[in-house]
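Contents: one structure, followed by commentary.
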Amino acid sequence: MRVIVVGLGEVGFHVARTLSADRHDVTVIERDRARAEELQGELDALVVVGNGSSPRFLREIGAADADLVCAVTPIDESNVIAALAAHQLGAERTVARVRDPDYFGTEGSFARDVLGIDFVIHPERATAEDLAQAIELPGAVHVEHFVDDLVSVAEVVVTDRSPLLHRSLAERRPSAPHGVLAIMRDTRVVAAEPGHRPRAGDHLTVVAARENIDRVVAYLAGHVREVHDVVIFGGGKIGLPLAQSLENSGRYTVTVMESDVERARVLAEHLRRATVLHEEGLGKEALLAHGVDRAGAFVAAAGDDRANLLAALNAKQLGAGMALAVVSREEYTPLVDALHIDAGFSPRLVTAEAILRAVRGANVEAVHLLASGGELIDVQVDPGCRADGKSITKAESVAGTRVAAIVRNGRVIIPEGDETIHAADRLVTFNVRGGISQVAAAFDA
């Protein structure tokens, strides 16, 4: 597939690297010559200097023949113009990252039906949704749902009360059927094996039927603290929709700390029950004064990664039940684990996920990227494909992946033996290092 990426910022670089690693023909357009030259050697892609919003320039580099044009610059207007121009030139599909909800709101029908932009990505709003889901499942710091919400995959932090301590994974006594897919320790992720012995502080990636995921998480974590009070540091494009989502659930007492007085006034107008505080400090005294030590969850969602990491670190040390940080820049991601912050959430990964869905095979229903670099893929088995009728062992070998769950006729199966794959099955697969093209091809007729 021929892909053009407009913008070589954090998001554009990650998207280009992910797509080129998946063997797509990628061209990147960047206006800043110095940045283009700096990153050319780090990408297996053609990097050209130019204005990606210019119809003339897009025509010159062959946008008319592109299968996909992704506009992911930091400027919403540039992205909309680039996607619109590419569509008019004849690109097969177009994607625009749009951060300001005032353009299209949460509904993409205007962009699609009137402007011809196939996908509009709202990374901050999607990140807020991910944060809300993590807060709603005590004991987990990430959770994703697949196959029409029948299957859940969660990232669980092992506590010192976990029954898994000093035991191998093979010795666990599950309260409900589940699988352990991966273990993250000291920023290193490995595929889980029966002989692995989890330690306190390890993060386990687990899969179960959605109806069982809360019991599984509670069992593996060993200690679950119910969340009633949530403190959000930063009321911007992530903090506001997160606070609104938690308010609407009716289950939480929400406090939002905002350093900008004008923004604090805006938040107070948009939030009905949350407490909005104008607070410029992020040190322990300021956090303690606002009850962070008693909060079930603390979310650092300001516009500065370093401020988010420091605030989340202080909140965790003060005793917040769960400390989550929004981390946009890739170089800060390892600090999340090093500082013992429970989890980091990246708008960059959300954007890459959306673009991968745009380049997926026809049988791939959903893609989720883990901060560790792994991939979860929801894929349908087509009749007559290479994996149809084969055992899971053989299907996994063909696809280069692990089958984490099977949904057959509405029933969730967590494979324990060597199940047989059948046409029309929906699978959730897991790869430690990606590989969507190989997975899609194995299950596509």
Side-chain angles (χ1 to χ4, degrees), residues 1-75 78-79 81-83 85-87 89-97 117-119 121 123 328-331 333 346-361 364 367 369-375 377 400 431-441:
M1 179 176 286
R2 183 159 185 267
V3 181
I4 296 174
V5 178
V6 180
L8 194 51
E10 283 283 324
V11 172
F13 177 78
H14 184 80
V15 167
R17 185 174 61 182
T18 302
L19 294 177
S20 59
D22 215 24
R23 298 188 295 277
H24 294 289
D25 177 9
V26 179
T27 299
V28 184
I29 304 172
E30 171 57 42
R31 298 187 72 159
D32 186 330
R33 181 176 297 276
R35 181 163 180 80
E37 292 175 351
E38 175 189 357
L39 297 179
Q40 171 69 81
E42 299 183 34
L43 290 172
D44 184 17
L46 173 64
V47 179
V48 295
V49 178
N51 179 6
S53 299
S54 163
R56 179 187 57 79
F57 189 82
L58 288 171
R59 183 184 294 109
E60 288 177 356
I61 67 165
D65 300 320
D67 298 292
L68 177 68
V69 175
C70 311
V72 291
T73 76
I75 303 171
S78 295
N79 295 336
I81 292 170
H87 171 74
L89 288 170
E92 184 71 23
R93 278 177 291 179
T94 57
V95 176
R97 181 180 76 159
I117 302 173
D118 296 289
F119 300 95
I121 304 168
S328 298
R329 297 179 67 86
E330 187 173 12
E331 59 262 37
T333 302
S346 171
R348 168 179 52 84
L349 287 181
V350 169
T351 304
E353 283 178 14
I355 291 173
L356 281 177
R357 286 196 290 272
V359 301
R360 67 183 188 254
V364 175
V367 180
L369 300 181
L370 304 177
S372 62
E375 273 182 10
I377 301 171
N431 289 48
V432 172
R433 288 291 174 264
I436 185 171
S437 292
Q438 187 175 353
V439 173

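Only heavy atoms go into these numbers, but all of them, side chains included; no hydrogens, no water, no symmetry mates. Residues: numbered from 1 along the sequence shown.
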What's the verdict on side-chain contact (heavy atoms from CB on, under 4.5 Å) for Ile4 and Ile61, showing C-alpha distance, side-chain angles and the deciding distance? CA-CA 9 Å; Ile4 296 174; Ile61 67 165; 3.9 Å; yes
Residue set satisfying side chain to side chain donor-acceptor pair (under 3.5 Å) with Thr73, at least two apart, ordered chain then number -> Asn79
What are the two closest heavy atoms between [X] and [Y], and how far apart are they?
{"X": "Leu58", "Y": "Ala85", "value": "CD1-CB, 3.8 Å"}
{"X": "Cys70", "Y": "Ile355", "value": "SG-CG2, 3.6 Å"}
{"X": "Arg329", "Y": "Glu10", "value": "CA-OE1, 3.6 Å"}
{"X": "Pro55", "Y": "Leu89", "value": "O-CD1, 3.8 Å"}
{"X": "Ala83", "Y": "Ala96", "value": "CB-CB, 4.0 Å"}
{"X": "Leu8", "Y": "Ala36", "value": "CD2-CA, 4.2 Å"}

Check: [X] side chain, [Y] main-chain N or O, donor-acceptor pair, under 3.5 Å:
{"X": "Asn51", "Y": "Phe57", "value": "no"}
{"X": "Gln40", "Y": "Ala45", "value": "yes"}
{"X": "Arg97", "Y": "Val11", "value": "no"}

As a quick check of understanding, evaluate side-chain contact (heavy atoms from CB on, under 4.5 Å) for Val364 and Val439, giving each step before the final call. CA-CA 9 Å; Val364 175; Val439 173; 5.8 Å; no
So, taking the atom named [atom1] in [X] and the one named [atom2] in [Y], what distance separates them when rounded to the nearest 0.5 Å?
{"X": "Ile117", "Y": "Thr94", "atom1": "CD1", "atom2": "OG1", "answer": "5.5 Å"}
{"X": "Thr333", "Y": "Arg348", "atom1": "OG1", "atom2": "CZ", "answer": "5.0 Å"}
{"X": "His87", "Y": "Asp118", "atom1": "NE2", "atom2": "CG", "answer": "7.5 Å"}
{"X": "Glu42", "Y": "Phe13", "atom1": "CD", "atom2": "CZ", "answer": "4.5 Å"}

Apply side-chain contact (heavy atoms from CB on, under 4.5 Å) to Glu38 and Glu30, showing your working. CA-CA 11 Å; Glu38 175 189 357; Glu30 171 57 42; over 6 Å; no
Check whether any side-chain heavy atom of Arg93 lies under 4.5 Å from a side-chain heavy atom of Met1, and answer yes or no. yes
Applying salt bridge (Lys or Arg N to Asp or Glu O under 4.0 Å), can you list everything that pairs with Glu60, at least two apart in sequence or on another chain? Arg56
Looking at residues at least two apart in the chain, or sitting in another chain, which of them share a salt bridge (Lys or Arg N to Asp or Glu O under 4.0 Å) with Glu37? none
side-chain contact (heavy atoms from CB on, under 4.5 Å) between Arg17 and Val26, worked out: CA-CA 9 Å; Arg17 185 174 61 182; Val26 179; over 6 Å; no
How about CZ on Arg31, more than 12 heavy atoms from neighbouring residues, nucleotides or ligands closer than 6.0 Å, or not?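 Incorrect, the count does not exceed 12.
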side-chain contact (heavy atoms from CB on, under 4.5 Å) with His14: which of Leu369, Val72, Val5?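 The residue from Leu369, Val72, Val5 that satisfies side-chain contact (heavy atoms from CB on, under 4.5 Å) with His14 turns out to be Leu369.
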